[in-house]
Amino acid sequence: MNALEARFSSIKSSIVASTLAAKRLPDSVTLIAVSKQQPALAIEALTALGQHDFAENYVQEALAKQAKLAHTPMAGKIVWHFIGPIQSNKTRAIAANFSWVHSVDRPKIAERLSEQRPDNLPPLKIFIEVNIDNESTKAGVSPAELPAMVALCQRLPRIELVGLMVIPARGSPDAFTRTAQLNAHLPSALPLLSMGMSGDFPAAIAAGSTHVRIGTALFGVRQMTAES
Ligand SMILES: *Cc1c(COP(=O)(O)O)cnc(C)c1O
């Protein structure tokens with residue numbers, strides 16, 4: 001077993017252990033491999049082990065890897081998630097080249113993604129990013145603004161609002177539970193929660209996460225450049 005295979009198998013086991021500890025079904029949590037600043041070859045190696053969901057933070061870097069992988073046998077099976085900050089001028093490329101977007105943090109971005117989602121593709125699945133700890137340096141809708149943002153997203157025809165995404169502040173151990181409660185108190189709770197990274201995914205799963213976004217613990221330390 002090589003190092004990537006060993007880390008992949010160890011993370012899969014910890015996810016299963018965390019779900020069982022929380023009295024949840026093992027397949028109620030999806031592992032998303034965060035491949036930012038990792039080469040296309042590493043993605044290809046993981047697809048060969050059965051991993052299908054990959055997330056990227058930078059549009060140009062993601063498109064370059066998608067092009068490199070287009071001719072590999074598993075290309076059609078890869079599901080691409082966008083998890084990075086979104087500038088307005090990048091929404092068209094995101095709407096056309098990803099299936100899921102986790103970092104929708106303001107009305108204008110939701111509106112543009114809906115307008116620009118190509119007609120031949122199913123609606124784009126989106127999470128609203130919530131600034132759960134009200135940090136001034138962090139993106140996301142504040143808990144107070146969330147109900148209005150949910151209502152807006154649910155009116156837009158070419159996106160499908162599936163859940164909430166958070167990146168908690170350091171030392172904010174109950175942020176995942178607060179996010180789950182925030183969701184439960186919406187007029188109608190959303191089905192999915194994108195919470196948990198390499199350092200904190202067991203706690204996120206305990207609080208109800210359905211999608212964990214794991215980079216370093218899977219691929220090892222990120223390479224310095226965004227080149228693939
Ligand atoms: C980089 C990143 C991750 C993965 O972080 P790791 O600590 O490497 O697992 C998850 N979510 C977002 C939004 C990220 O930017």
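Remember, it's a predicted structure, so these values are computed and weren't measured experimentally. Remember, it's 1-based here, ligands and their atoms both numbered in the order they're listed.
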(message) Is the shortest side-chain heavy-atom distance between S209 and F176 below 4.5 Å?
(response) no
(request) Could you list all the side chain to side chain donor-acceptor pair (under 3.5 Å) pairs where at least one residue sits in residues 150-162, not counting sequence neighbours? (result) K125-E160
(request) May I ask you to test the T210-S28 pair for a side-chain heavy-atom distance under 4.5 Å? (result) no
(request) List in chain and number order the residues that pass side chain to side chain donor-acceptor pair (under 3.5 Å) with K12, two or more places apart in sequence or in another chain; answer none if no residue qualifies. (result) none
(message) Give me each pair satisfying ring-ring contact (aromatic ring centres under 6.0 Å, His included) with a member in residues 185-221, each pair once, sequence neighbours excluded.
(response) W100-H211, F127-H211
(message) If the criterion is any heavy atom closer than 4.0 Å to an atom of ligand 1, which residues make the list?
(response) V34, K36, N57, I83, I167, M197, S198, R213, I214, G215, T216, R222
(request) Give me the ring orientation class for F54 and W80: parallel if the planes are under 30° apart, tilted from 30 to 60°, perpendicular past 60°. (result) tilted
